[in-house]
Amino acid sequence: MNVIPVLPAVTGSVGALRVAPDARVPREIPVPELQPLPRGDAAGESARTAAPAPFGEVLARMVGEVNERQLAAADKVQGLLGGREVSLHETMIALEEASVSFQLMVEVRNKLLESYQELMRMQV
Amino acid sequence: MIQLLGGIESTAAALASERVRMDVISQNIANASTLRGPDGRPYQRQQVVFESVLRDRMSGGGPGPAGATAVRVARVEPDPRPPRLVYDPLRGPIEVPNINVHEEMADLISSSRAFEANLAVLKTARSMAMQTLALGKR
């Protein structure tokens with residue numbers, strides 16, 4: 001996988017999630033079936049470990065797509081500065097798309113973390 | 001790819017087309033007093049013809065409203081108006097290009113305003129997306 005110089009953190013997290021570089025993203029993200037909650041006793045432990053694999057996959061794919069857009073934007077910038085046939089507005093649009101998708105990813109992460117912390121605060 | 005900024009392809013195409021139009025106008029202004037072109041004739045004013053094109057045709061069918069159209073430059077064609085005749089004291093009447101610089105300036109203004117309008121669309125789409133994402137914040 002290429003390395004983006006602008007956002008090293010993204011490549012880092014993508015590497016951690018082991019996303020295939022050519023993971024094509026379907027137009028609709030499949031929503032995994034809701035798994036029944038495991039009937040555990042230790043609420044904290046199960047909440048952390050029982051993340052169903054399909055959802056992780058969805059998340060990984062989303063991170064992969066965000067990364068793809070960042071790479072596309074970086075490519076456009078390189079093309080523009082390198083004198084290839086890339087116009088200024090194309091570059092800016094690619095950058096905007098990258099920024100919006102990144103923001104979306106951050107919001108999803110915030111929501112996930114929020115719900116996790118909400119669960120952890122729950123009185124048993 | 002999921003579509004985050006809807007309708008952006010039409011806007012991008014419009015921006016590219018307006019760029020071409022501005023390039024042609026600048027070429028016209030630059031050649032406003034070119035008496036001899038490669039063909040030995042005075043420079044002939046060029047004009048851009050836009051056409052709408054089905055967006056699916058351009059991007060291999062992304063999501064979006066069916067039959068959505070973008071714009072592209074159909075062709076750049078010469079202005080059929082004949083060259084003006086100007087009397088030169090030494091050489092008699094000579095042909096000068098059929099270009100009116102004021103007309104070109106008006107075209108340039110309209111082109112730059114069209115570019116601006118498309119940028120405004122882009123900006124609005126971006127701010128709509130960002131405002132929607134701000135729903136998640138508290």
Side-chain angles (χ1 to χ4, degrees), chain A residues 19 21-31 57-76 79-80 84-118 121, chain B residues 1-24 26 48 55-56 58-66 68 70-73 111-138:
Chain A
V19 183
D22 53 351
R24 298 305 305 164
V25 182
R27 220 155 271 151
E28 290 145 19
I29 295 177
V31 181
E57 220 170 82
V58 169
L59 208 61
R61 230 183 287 143
M62 182 181 156
V63 173
E65 170 155 347
V66 170
N67 182 49
E68 227 169 78
R69 282 186 194 241
Q70 298 281 356
L71 285 175
D75 188 53
K76 284 268 164 66
L80 181 70
R84 273 188 279 139
E85 284 287 312
V86 181
S87 56
L88 186 61
H89 65 262
E90 264 178 61
T91 311
M92 287 311 291
I93 288 173
L95 282 172
E96 281 305 330
E97 277 188 340
S99 139
V100 169
S101 62
F102 188 80
Q103 205 64 38
L104 176 65
M105 189 187 71
V106 169
E107 288 299 335
V108 169
R109 165 216 173 263
N110 285 348
K111 277 289 165 206
L112 277 177
L113 217 60
E114 207 177 279
S115 57
Y116 167 71
Q117 276 164 354
E118 205 69 48
R121 274 200 295 272
Chain B
M1 283 246 180
I2 50 170
Q3 200 74 12
L4 283 174
L5 301 172
I8 239 54
E9 277 156 35
S10 304
T11 311
L15 288 171
S17 307
E18 289 298 337
R19 279 295 321 171
V20 174
R21 186 168 153 209
M22 264 191 244
D23 286 350
V24 170
S26 70
V48 175
R55 213 166 64 194
D56 302 356
M58 292 176 65
S59 59
V71 61
R72 73 167 174 215
V73 174
S111 179
S112 100
R113 289 282 176 256
F115 195 87
E116 226 173 286
N118 282 294
L119 283 184
V121 171
L122 203 61
K123 222 181 271 181
T124 310
R126 193 261 310 262
S127 87
M128 275 165 68
M130 282 310 199
Q131 280 168 354
T132 312
L133 282 173
L135 270 182
K137 296 207 174 67
R138 307 217 153 164

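Predicted model, so just to flag it, every value in this text is computed and none were measured. All chains are named by letter (A, B, ...) in the order of the sequence lines, taking the proteins before the strands, and each is independently numbered beginning at 1.
Between the B:T132 side chain and the B:M128 main chain, a donor and an acceptor come within less than 3.5 Å of each other.
Going from atom CZ of B:R113 over to atom CD of B:E18 covers 12.5 Å, rounded to the nearest 0.5 Å.
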Legend entry - Steps toward side-chain contact (heavy atoms from CB on, under 4.5 Å) verdict (B:R19, B:D23): CA-CA 6 Å; B:R19 279 295 321 171; B:D23 286 350; 3.4 Å; yes

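The candidate from A:E90, A:E114, A:E107, A:K111 with the greatest count of non-hydrogen atom pairs under 4.5 Å with chain B is A:E107.
Remark: A:E65 engages A:R69 in a salt bridge, criterion side-chain N to carboxylate O under 4.0 Å.
Within the 4.5 angstrom heavy-atom criterion, only side-chain atoms of B:L122, from C-beta onward, approach chain A. Interface remark: B:A134 contributes no atoms to any contact with chain A (heavy atom separation under 4.5 Å).
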